[in-house]
Amino acid sequence: MTVYSVKQLMSEEVKVGSEVCVRGWVRSRRDSKAGLSFVTLSDGSCFEAVQLVIESKLANYESDILNLTKDCAIIAHGTLVASQGGGQKFEIQASKVEVTGFVESPDTYPVSPKRHTVEYLREHAHLRIRTNLISSVMRIRNTVSMAIHDYLQSNGFYWVHTPLITASDCEGAGELFKVTTLDLANPPRDDKGKVDFKQDFFGRESYLTVSGQLNVETYCMGLSKVYTFGPTFRAENSNTTRHLAEFWMVEPEIAFANLMDNAELAQGMLKHVFKTVLNKNSDDMGFFAQFIDQNVVTRLEQMVNDDFEMITYTDAIKRLENSGKQFENPLYWGVDMASEHERYLCEELIGKPTIVTNYPKDIKAFYMRQNEDGKTVAAMDILAPGVGEIIGGAQREERYDILHARMTEMEIEPEALAWYLDLRRFGSAPHAGFGLGLERAVSYITGVQNVRDIIPFPRTPKNAAF
RNA sequence: GCCUCAAUAGCUCAGACGGUUAGAGCGACGGACUGUUAAUCCGCAGGUCGUAGGUUCGAUUCCUACUUGAGGCGCCA
């Protein structure tokens, strides 16, 4: 008897009348006095569950079937038949049902068959995948990840596995986690009494990376089109719905490219991702439309069909100033826009994802390419309504003298990043790239507002349970 | 890191201007009914009112500290 996933059974690829085996977790049980029970079974392969029709004549009906509660694990054998009831096309007439694990004390089992708050589910992160909400999020997270790979791979990009451990503390994207094997209670000291990192594992201070960008730029200068896709770490004490200490980021980097090429790539990639989710996860998206935000589907459809708005920082400031809206935070050319500005711009004034370009150089990183005006750099942020910044990117400074001068100005030791500067000495080429926060993208797609519910086991300040 | 709010049944919440037996819905459990499907109907159980102090004759209620959680801001993806 062949084992099928629920997804296969529901896809009409299995003939009615086939003998089948399904395995999964009980979602609900309803007993009928007609001498049968209905058990809906979910295995996570898709949003749908399959209904088992279990007659009381089965040997273990009294002992096992009548004791099934939510999330008992079972292996069921039977015949796939057209459903006699409404609500589903197919069901399984069970011939044998084996229980591999009952749920102890169903009265206190955390994932009872009722609606739970996301905060409560977070405290039971090891069990929350058994809810519609989290399983739908995780299937979409998977679709998004694979759609990103698809898009980049089919456009000639190579996936580069940049290191998670780094020795440069000057990447400029936030606080770093230290990596050490020294005994913190009794570390070795040098002549001056300072901790002697020469004796540490790497012979110097080292950290978890805050971005693979600088490393991937080196591979870009040889493979032309590359990307990193992996976890990233920030030791910021950030307590918001859109920050994690450990999160996943995609960072494409293209050689012989400028800011416009970069924006085009970002837009093309996002559109492909949205389209793929709409195609592959319509059930999951339907669930979000029903329970989270009724606009999620139409919003994505619009994204796919409409181009993103592109606006320069200078024009964005003008539009915000001319809007007449009063803001809490000061607004003038040169200011780093506060999130109330960004939100008003893309949610109220524009109403769709917005690419803001050419920011003042003083509020951006050292590696961004300086524009001819001497005041701005070729940076871009993509703002999504409701989530804020989901992409940050730039054309990189490929001119050695200018990059070196900028580093000095910003008090970054050129020696510490000599290898990065070398790229500008040996066959330098214009290039550009961006970083896409995976959790923020999935948050935007699903309407699930807190990125802690987008990653299986969220790491945030004071929380690394599970 | 800053600001604000919250903590009462397995879950979501109500409540008492300090006073005898702290309530509801959902869930669980039991029963009725039924090719059912968020089933429906009836019933039952379930609480150290976050922790530690303080004020008081008396505190779950007021005060303080702590812990945990949430939201907003900053940092960014």
Side-chain angles (χ1 to χ4, degrees), chain A residues 27-41 48-55 66-67 69-70 81-88 91 93 103-124 131-132 171-175 210-213 231-251 266 290-291 328-329 336-340 342-343 363-365 381-384 387-393 434-444 449-455 460-463 465:
Chain A
R27 192 173 279 174
S28 68
R29 185 190 100 229
R30 296 173 290 277
D31 305 317
S32 167
K33 270 295 172 295
L36 67 165
S37 289
F38 300 95
V39 169
T40 46
L41 189 68
E48 269 188 289
V50 67
Q51 174 162 278
L52 307 174
V53 181
I54 305 173
E55 296 186 348
L66 289 183
N67 289 313
T69 59
K70 176 157 194 307
V81 297
S83 181
Q84 290 177 39
Q88 61 279 319
E91 62 192 16
Q93 189 70 41
V103 166
E104 293 176 17
S105 52
D107 57 327
T108 56
Y109 174 60
V111 194
S112 55
K114 77 180 284 293
R115 290 182 72 168
H116 295 288
T117 60
V118 286
E119 292 82 13
Y120 173 73
L121 291 174
R122 240 172 258 156
E123 291 175 4
H124 303 276
T131 62
N132 283 333
E171 294 177 18
E175 295 293 309
V210 293
S211 162
Q213 180 203 316
T232 297
F233 308 89
R234 306 264 167 102
E236 298 287 344
N237 192 0
S238 297
N239 295 285
T240 77
T241 55
R242 49 193 192 284
H243 287 86
L244 294 164
E246 177 181 311
F247 64 98
W248 283 61
M249 187 156 65
V250 186
E251 297 174 286
Q290 192 181 348
F291 288 101
E328 301 276 319
N329 297 286
D336 198 359
M337 278 191 269
S339 59
E340 60 166 338
E342 293 181 342
R343 293 187 68 143
I363 58 172
K364 287 294 180 181
D381 283 357
I382 298 186
L383 311 176
V387 209
E389 185 179 339
I390 58 172
I391 280 183
F434 63 84
L436 167 70
L438 181 67
E439 289 76 18
R440 287 185 185 179
V442 176
S443 169
Y444 177 65
Q449 292 191 337
N450 198 319
V451 292
R452 294 166 200 169
D453 305 315
I454 301 293
I455 193 166
T460 52
K462 304 266 186 297
N463 185 5

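All values below were derived from every heavy atom in this structure, side-chain atoms included, with hydrogens, water molecules and symmetry-related copies excluded.
- Using the Watson-Crick or G-U wobble rule with both distances under 3.5 Å, C66(B) pairs with G50(B).
- With a cut-off of 3.5 Å on both Watson-Crick or G-U wobble distances, the partner of G71(B) is given as C3(B).
- Stacking between F247(A) and A77(B) is shown: the ring centroid lies under 5.5 Å from the centre of the six-membered base ring, and the planes differ by under 30°.
- Phosphate contact (OP1/OP2 of C13(B), side-chain N/O of R115(A), threshold under 4.0 Å): absent.
- Nearest nucleotide to the side chain of P113(A), out of U34(B), G27(B), G35(B): G27(B).
- The phosphate of U12(B) has OP1 or OP2 within less than 4.0 Å of a side-chain N or O from T117(A).
- Listed nucleotides A39(B), G35(B), G1(B) differ in distance to F38(A); the shortest reach to its side chain belongs to G35(B).
- Within the structure, every side-chain polar atom (N or O) of R234(A) is placed at least 4.0 Å from both OP1 and OP2 of C76(B).
- Summarising the base pairing, A38(B) is matched to no nucleotide, lacking a Watson-Crick or G-U wobble pair whose two defining distances lie under 3.5 Å.
- Among the protein residues, Q88(A) comes within range of the nucleic acid bases, having at least one heavy atom under 4.0 Å from a base atom.
- The distance from atom CD of Q51(A) to atom C1' of A38(B) is 14 Å, rounded to the nearest whole Å.
- Counted by atom type alone, Q84(A) and E91(A) present zero donor-acceptor pairs between their side chains at under 3.5 Å.
- A donor-acceptor contact under 3.5 Å is not formed by the side chain of E328(A) with the base of G72(B).
- Here A441(A) lies out of heavy-atom contact (under 4.0 Å) with every strand.
- For the C1' atoms, the distance linking U67(B) with A77(B) amounts to 31 Å, nearest Å.
- Considering only side-chain N and O atoms, R122(A) lies under 4.0 angstrom from the phosphate OP1 or OP2 of A70(B).
- For N239(A) and C2(B), the shortest distance from a side-chain N or O to OP1 or OP2 is not below 4.0 Å.
- Among the atoms of the strands shown, only primed sugar atoms or phosphate atoms (P, OP1, OP2) are found under 4.0 Å from some heavy atom of T241(A).
- Within 4.0 Å (heavy atoms only), Q84(A) reaches at least one base atom of the nucleic acid.
- Defined by atom type and a distance below 3.5 Å, a donor-acceptor pair is present between the side-chain atoms of S28(A) and R30(A).
- Residue-level contact check: T232(A) touches neither bases nor backbone, having no heavy atom under 4.0 Å from any strand.
- Counting non-hydrogen atoms under 4.0 angstrom, S339(A) reaches the backbone sugars and phosphates but no base.
- Counting only heavy atoms from C-beta on, R452(A) has its side chain closest to A70(B) among G10(B), A70(B), C75(B).
- Closest contact between the side chain of H243(A) and the listed nucleotides U12(B), C76(B), C29(B) involves C76(B).
- Rounded to a whole Å, the CZ atom of R29(A) is 11 Å from the C1' atom of C29(B).
- Counting any heavy atom pair closer than 4.0 Å across all strands shown, E246(A) reaches no nucleic acid atom.
- Within the structure, every side-chain polar atom (N or O) of S112(A) is placed at least 4.0 Å from both OP1 and OP2 of C11(B).
- Contact annotation for I391(A): backbone-only contact, meaning every heavy-atom pair under 4.0 Å involves sugar-phosphate atoms and none involves a base.
- Under the Watson-Crick or G-U wobble criterion, with both distances below 3.5 Å, U20(B) is left unpaired in every strand shown.
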